[in-house]
Each structure stands twice: as structure tokens, then as C-alpha cells.
Amino acid sequence: MNRIARTERATTKRQAYSWVWRFAVLAVILGLLATILLRATVIDVFRIESNSMEPTLNPGQSISVDRRAYSDAEPQRGDVIVFDGRGSFLPYAKASFADDLLSAFSLAGSNNKYVKRVIGVGGDTVECCSADGRLLVNGEPVDEPYIFAGDAPSEQEFSVEVPDGRLWVMGDHRSTSKDSRSLLGASGGGMISVERVTGKASEVIWPLDQRSDIR
């Protein structure tokens with residue numbers, strides 16, 4: 001009788017352990033799915049790898065990206081955005097349906113993602129430069145307090161008309177940034193499609209002692 005009781009207790013323990021493990025695995029899976037859904041629809045995270053946006057953003061920082069910012073509106077001049085560079089910054093890269101699906105759910109890595117500041121939107125004429133060295137947008141000089149100290153707004157002269165549905169973007173560290181200026185002769189002219197915008201860069205979230213809103 002004692003042997004039977006011990007066997008029954010052992011079976012009960014195994015069943016309990018099995019249930020705990022199943023619950024733990026399910027909780028992990030649900031947590032991962034919730035995280036993926038959150039990053040795909042609400043807030044994404046992007047790590048800064050280059051110095052092209054200094055002093056606004058520095059290498060090693062992580063930023064939050066508001067995916068809802070442009071659900072009812074398009075990017076505006078001055079916005080700092082994260083976008084998929086295929087077809088613009090990666091002018092000859094072709095994306096499959098699978099690539100787009102993985103990118104939408106933030107599962108494709110960040111090799112094709114970029115962060116820049118919007119300088120011109122559809123219908124704008126962007127030129128370099130005015131008599132006092134400032135960029136001109138629709139003939140009006142632009143004040144750019146975010147530019148890296150010592151940099152000119154642009155050493156490269158250009159004059160472009162931004163098509164509807166496209167954006168002219170530049171980095172804040174103008175002397176090191178590879179941006180729309182670098183791709184004037186490429187497919188798409190370096191101007192990114194609004195449809196390729198992941199979202200608006202909203203806040204530096206790491207390191208914790210550098211947390212701040214992005215302007």
C-alpha cells in the first residue's frame with residue numbers, strides 16, 4: 001500500500017512539474033508575441049550606430065520610435081525619423097514580400113534602417129545655399145540649431161524638387177552624414193518614400209542617464 005501511495009505521489013509531482021513547465025513556456029511565447037506586436041504597431045526601438053546625427057543622437061544610444069506618429073499624418077520638416085532605406089539609401093536593393101513582412105514586425109534587423117532629419121517634404125524645393133550659407137526651402141532660409149558645431153549646413157551645392165510622397169532627409173552632423181545629398185544621381189535621387197518610414201524618433205531611452213526627448 002505504501003508503495004502504491006509513493007507511486008501516486010510521484011506521478012502527481014511529475015504532473016505538477018509538467019504543468020508548471022507548460023505554463024512557463026506558454027508565458028514566454030505570449031510575452032514574445034506581445035513584444036513583437038507592440039514593436040510592430042506602437043513603439044519600436046532603434047540603436048544608433050553612426051555619428052551622422054550628432055549632436056542630437058550619439059553612437060551607442062537606443063531610441064524609441066513612435067510607429068503611430070504618422071498613422072493620420074505625414075512627416076513634417078524638422079522631424080527625426082527612422083526609415084527603411086531600400087529603394088532610396090539602398091537604391092538597388094529589392095525587397096520581397098517576406099522581407100517587408102519581417103521588417104514590419106521588426107524581425108529583419110537594422111541593416112536597412114536609417115535615422116535622419118526631414119528637411120523637405122513633397123512639393124518643396126530644397127537648395128544649398130543662401131548668401132549667408134543657410135539651406136533654402138521654397139526660397140526661405142532655414143534656421144538649424146541642431147547642426148553639429150563647426151559644420152556648414154552643406155558643403156555640397158544642390159537644388160532639388162521633392163516629389164509628392166517623398167522626403168528629402170539629412171543628418172545633423174552634415175560633414176559626416178551620408179544622406180539624400182549623396183544619392184542625387186541614384187535611383188530615387190536619395191529621396192525616401194513616405195511609405196518606407198517606420199516612425200518618428202521620440203526619445204533617447206538608453207543609457208538611462210542620457211534619457212531625453214528628441215527634437
Side-chain angles (χ1 to χ4, degrees), residues 45-66 69-70 73-85 88-91 110 113-163 166-186 188-194 196-207 209-215:
V45 177
F46 182 81
R47 180 177 169 82
I48 305 301
E49 302 289 353
S50 79
N51 64 350
S52 68
M53 280 296 293
E54 291 176 326
T56 305
L57 301 172
N58 300 303
Q61 291 179 329
S62 293
I63 63 174
S64 61
V65 182
D66 185 354
Y70 304 121
E74 293 192 352
Q76 302 297 306
R77 301 185 203 102
D79 288 357
V80 178
I81 61 171
V82 173
F83 60 92
D84 184 333
S88 55
F89 278 42
L90 300 171
S110 59
K113 296 286 184 69
Y114 298 84
V115 57
K116 300 292 178 185
R117 190 179 297 274
V118 178
I119 303 299
V121 299
D124 284 345
T125 297
V126 185
E127 303 172 82
C128 175
C129 282
S130 66
D132 60 356
R134 290 187 290 174
L135 292 184
L136 295 169
V137 177
N138 301 325
E140 296 294 329
V142 181
D143 291 324
E144 299 186 284
Y146 41 74
I147 290 180
F148 189 81
D151 275 5
S154 179
E155 296 289 353
Q156 177 183 348
E157 294 185 358
F158 61 87
S159 178
V160 296
E161 292 184 7
V162 185
R166 293 272 173 170
L167 303 168
W168 177 270
V169 297
M170 298 171 71
D172 290 353
H173 197 165
R174 298 287 162 82
S175 62
T176 66
S177 177
K178 302 298 183 183
D179 47 44
S180 290
R181 296 169 297 170
S182 308
L183 295 159
L184 281 170
M191 287 175 270
I192 69 169
S193 171
V194 171
R196 288 292 184 188
V197 176
T198 300
K200 183 177 182 179
S202 57
E203 184 183 8
V204 176
I205 58 175
W206 186 265
D209 61 352
Q210 297 177 23
R211 290 195 66 155
S212 60
D213 293 335
I214 297 171
R215 302 184 185 281

**Request:** Evaluate the side-chain proximity of Glu74 to Val121: yes if any heavy-atom separation is below 4.5 Å, no if none is.
**Result:** no
**Side chain to side chain, Thr198 and Phe46, heavy atoms closer than 4.5 Å** = no
**Geometric cation-pi criterion, Arg174 with Phe148: 6.0 Å, 45°** = no
**Request:** Check whether any side-chain N or O of Asp151 sits under 3.5 Å from a backbone N or O of Ser175 as a donor-acceptor pair, and report yes or no.
**Result:** yes
**Request:** Test Val65 against Val45 for side chain to side chain contact (heavy atoms under 4.5 Å, CB included), laying out the working first.
**Result:** CA-CA 6 Å; Val65 182; Val45 177; over 6 Å; no
**Asked** Without hydrogens or angle criteria, can the side chains of Asp179 and Tyr114 be said to hold a donor-acceptor pair below 3.5 Å?
**Response** no
**Message:** How long is the straight-line distance from CG of Asp79 back to CG of Asp66, given to the nearest 0.5 Å?
**Reply:** 10.5 Å
**Request:** State, with a plain yes or no, whether a side-chain heavy atom of Tyr70 is found less than 4.5 Å away from one of Lys200.
**Result:** yes
**Chi angles and distances behind the side chain to side chain contact (heavy atoms under 4.5 Å, CB included) call for Val126, Phe158** = CA-CA 8 Å; Val126 185; Phe158 61 87; 3.7 Å; yes
**Fill in**
Here the pair of heavy atoms bringing Ser180 nearest to Gly190 is OG-O, 2.7 Å
**Separation between CD of Glu161 and CG of Asp124, rounded to the nearest 0.5 Å** = 10.5 Å
**Prompt:** How would you list, by chain and number, every residue that makes a side-chain contact (heavy atoms from CB on, under 4.5 Å) with Glu127, sequence neighbours excluded?
**Reply:** Thr125, Leu136, Ser159
**Prompt:** Side chains of Val197 and Ile192: does their closest heavy-atom pair fall under 4.5 Å?
**Reply:** yes
**Item:** Arg117 side-chain N/O to Gly78 backbone N/O, donor-acceptor pair under 3.5 Å
**Value:** yes
**Asked** Taking C-beta and beyond as the side chain, do Cys128 and Gln156 meet within less than 4.5 Å on heavy atoms?
**Response** no
**Prompt:** Would you say Arg134's side chain and Pro141's backbone share a donor-acceptor pair under 3.5 angstrom?
**Reply:** no
**Asked** What's the verdict on salt bridge (Lys or Arg N to Asp or Glu O under 4.0 Å) for Arg211 and Glu203, showing C-alpha distance, side-chain angles and the deciding distance?
**Response** CA-CA 7 Å; Arg211 290 195 66 155; Glu203 184 183 8; 3.0 Å; yes
**Asked** Do the side chains of Pro59 and Glu49 get nearer than 4.5 Å, heavy atoms only?
**Response** no
**Request:** Let me know which of Lys178, Lys116, His173 forms a side chain to side chain donor-acceptor pair (under 3.5 Å) with Ser52.
**Result:** Lys116
**Side chain proximity check, Val194 to Leu167, heavy atoms < 4.5 angstrom** = yes
**Prompt:** Between the side chains of Arg181 and Ser154, is a donor N or O closer than 3.5 angstrom to an acceptor N or O?
**Reply:** yes
**Item:** Euclidean distance, Asp172 CG relative to Tyr146 OH, rounded to 0.5 Å
**Value:** 6.5 Å
**Prompt:** Does Gln61 reach the main-chain N or O of Asn58 with its side chain, forming a donor-acceptor pair under 3.5 Å?
**Reply:** yes
**Prompt:** Just how far is it from atom CG of Leu57 to atom OG of Ser62, taken to the nearest 0.5 Å?
**Reply:** 10.5 Å
**Prompt:** Can you tell me how far the CD atom of Gln210 sits from the CD1 atom of Ile63, to the nearest 0.5 Å?
**Reply:** 13.0 Å
**Request:** Search all heavy atoms of Met191 against all heavy atoms of Arg166 and return the closest pair with its distance.
**Result:** O-NH1, 2.6 Å
**Request:** Any chance you could measure Ser177, atom OG, to Met170, atom CE, to the nearest 0.5 Å?
**Result:** 7.5 Å
**Request:** With side chain to side chain contact (heavy atoms under 4.5 Å, CB included) as the test, would you mind laying out the steps for Phe83 and Val169 before giving the verdict?
**Result:** CA-CA 10 Å; Phe83 60 92; Val169 297; 4.2 Å; yes
**Asked** Does Ile119 reach the side chain of Leu135, with side-chain heavy atoms less than 4.5 Å apart?
**Response** yes
